[in-house]
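Have a look at the structure below, then the notes.
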Amino acid sequence: MHWADVIAAELLKRSDSHTIATGISPSGHIHLGNLREMVTADAIRRALVDAGGGAKIVYIADDFDPLRRRYPFLPEEYENYVGMPLCKIPDPEGCHNSYSEHFLQPFLESLEILGIPVEVCRAYQMYRDSLYEENTRIALRKRDEIARIIAEVTGRELEEDWYPFMPLCKNCGRINSAKVKSFDEKWVYYECECGYSGKVSYSGGGKLTWRVDWAARWQILKVTCEPFGKDHAAAGGSYDTGVRIAKEIFNYEPPYPVPYEWIHLKGKGAMKSSKGIVIPVREMVEVIPPEIVRYITIRVKPERHIEFDPGIGLLDLVEEFEEKFKEKDRSVELSLVGDVVYSDVPFRHLIVVGQIANWDLDKVLEIIERTGYRVDEIARKDVERRLKYAKKWIEKYAPDRIKFEIPENVSVDFSEEEERFLKVYAEKLQNNMSPEEIHTLVYDVSKELGIKPSKAFQAIYKAILGKTYGPRAGYFIKSLGVEWVKERIKAAL
RNA sequence: GGGCUCGUAGCUCAGCCAGGCAGAGCGACGGGCUUUUAACCCGUCGGUCGCGGGUUCAAAUCCCGUCGAGCCCGCCA
């Protein structure tokens, strides 16, 4: 049974309908590792729906959170914005209304492409809409109890004057430097490090501290299930405190937890926006088909670590997907987006053919037909779609080893042996030969002439590519067209 | 100090939730073929399921313990 179906079954024991919460922070480039949370949520959502339940995903963008520090990708003047809410900081590239929107927008676009429907909630808006008001009041009133819970769960004593609320200072604009002094039914009174003292309202004047905010959010949005990174899942971590705060302070049953492991970039370690080890999601969904991006996460249980290799490793993954597609594998089923169609043309073949045809669709289809695949409407549609990805992948992630270009003409010197081979080989090439026959012919001719096959292959590649190596010869020549190859050899000699 | 995950064939892993003949791919080996985009075809070999106990008619699977590896928490969120 697939992990998503197991979780769905577990959830359906509790209730027929579920709200799955996600909460990737828009504090920097949102990457594949972050995306695991979204894909995990969506796999569960689909499993619930498939099992006859109701489900939706809410995505809480915490744009009210302060900028923690100036990340390496930020200009120096952003030092001044540290401590201010993300939604109040200008876009470092000037293209959006705020810092948070700059990272949020491409992420939301990616979700669209990946077929992950979400209800977006921006934290600042939620606070301003008074959604947190009641929970904030309760939290302030019960701060001693909350402090006790946090102390018990984390083993960390909180300061005497601790409050579970961070006022947004009206003077300096920072949300992490003011201390609550007192509160009444309407206002929270504070003193800021900047020297300013003032009061703020419950609606948008500040936010609850993380561990309390999380628990409050569960209740406000009626969250019943939530995937989160293993950092939150550790003993004494925020889920543990959240559970007790939800139950004891807000009287709410905490959501079903789905902790997940990090995704590492092969050879580079964990993806961390702050360290610049990232492939932004928006970039990935341009290069890799959405069903494959989803499959990266869905094929593996959430608690297992993933090592992602966008290079040759991705090609293996795609091949595995193509194999499993034929078997109606559940992971594949949960990965497919919309009404995509798949033909039996392998991605690997598209990569070779695309390069030969210079990514021209009609030419590609012609070659695909010639190399023995049936080109019907489905294949046409499928090839058109995946060819674009093949091109992008070659440009972006493919190792040089599998890239090639066919030069206008080649000027290379052939040995007497090579010349002799090419002449005979070109003569014997027939238009109606299959790729296998073309391949075998290389061996036949070289045997006949007493030439080492390796020399023979080299001669062929030299004539076509000007290099001593290239794609598998039979398919390659068939793809290029036998007539063309014959002409090419004649011209090269 | 605490938590999570992993430990199954030489390698990468599936199987474990819900106990019922130990699995796949790759590699190795034999053969065919033999420069190839991580070649292909046929066949063979390959495991004390980390270790120790317990439950059971039956344990890779459940329970307890233990060893090893990785990560996370014990700053902030």
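Letters A, B, ... are given to chains in the order of the sequence lines, protein chains preceding strands, and every chain is numbered from 1.
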- Item | Full working for side-chain hydrogen bond (donor to acceptor under 3.5 Å, both in side chains) between A:Asp213 and A:Tyr132 | CA-CA 9 Å; A:Asp213 181 292; A:Tyr132 274 95; 3.2 Å; yes
Under 4.0 Å, counting only non-hydrogen atoms across every strand here, what does [X] touch: a base, just sugar-phosphate, or nothing?
{"X": "A:Phe476", "result": "nothing"}
{"X": "A:Lys207", "result": "nothing"}
{"X": "A:Asp231", "result": "base"}
{"X": "A:Thr468", "result": "base"}
{"X": "A:His349", "result": "nothing"}

**A:His29 side, atom NE2; A:Asn34 side, atom CG - distance, nearest 0.5 Å** =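 So the gap between those two atoms works out to 11.5 Å.
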- Distance between P atoms of B:G30 and B:A59 (Å, rounded):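 B:G30 and B:A59 have their P atoms separated by 39 Å.
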Each base of RNA chain B marked ( ) or [ ] if paired in-strand (Watson-Crick or G-U under 3.5 Å), | if paired to another strand and . if unpaired gives ((((((((.[[[[.)....(..]]]].(((((.......))))).....[[[[[..)....]]]]])))))))....
Residue closer to the 5' end of RNA chain B, A:Trp210 versus A:His2 (nearest nucleotide):
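By nearest-heavy-atom nucleotide position, the 5'-most residue is A:His2.
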request  = Decide, yes or no, whether a salt bridge links A:Lys207 with A:Asp65 under the criterion of side-chain N to carboxylate O below 4.0 Å.
outcome  =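 Salt bridge present between A:Lys207 and A:Asp65.
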_Any carboxylate oxygen within less than 4.0 angstrom of a Lys/Arg side-chain nitrogen, looking at A:Glu418 and A:Lys462?_
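Salt bridge between A:Glu418 and A:Lys462, a charged N being under 4.0 Å from a carboxylate O: yes.
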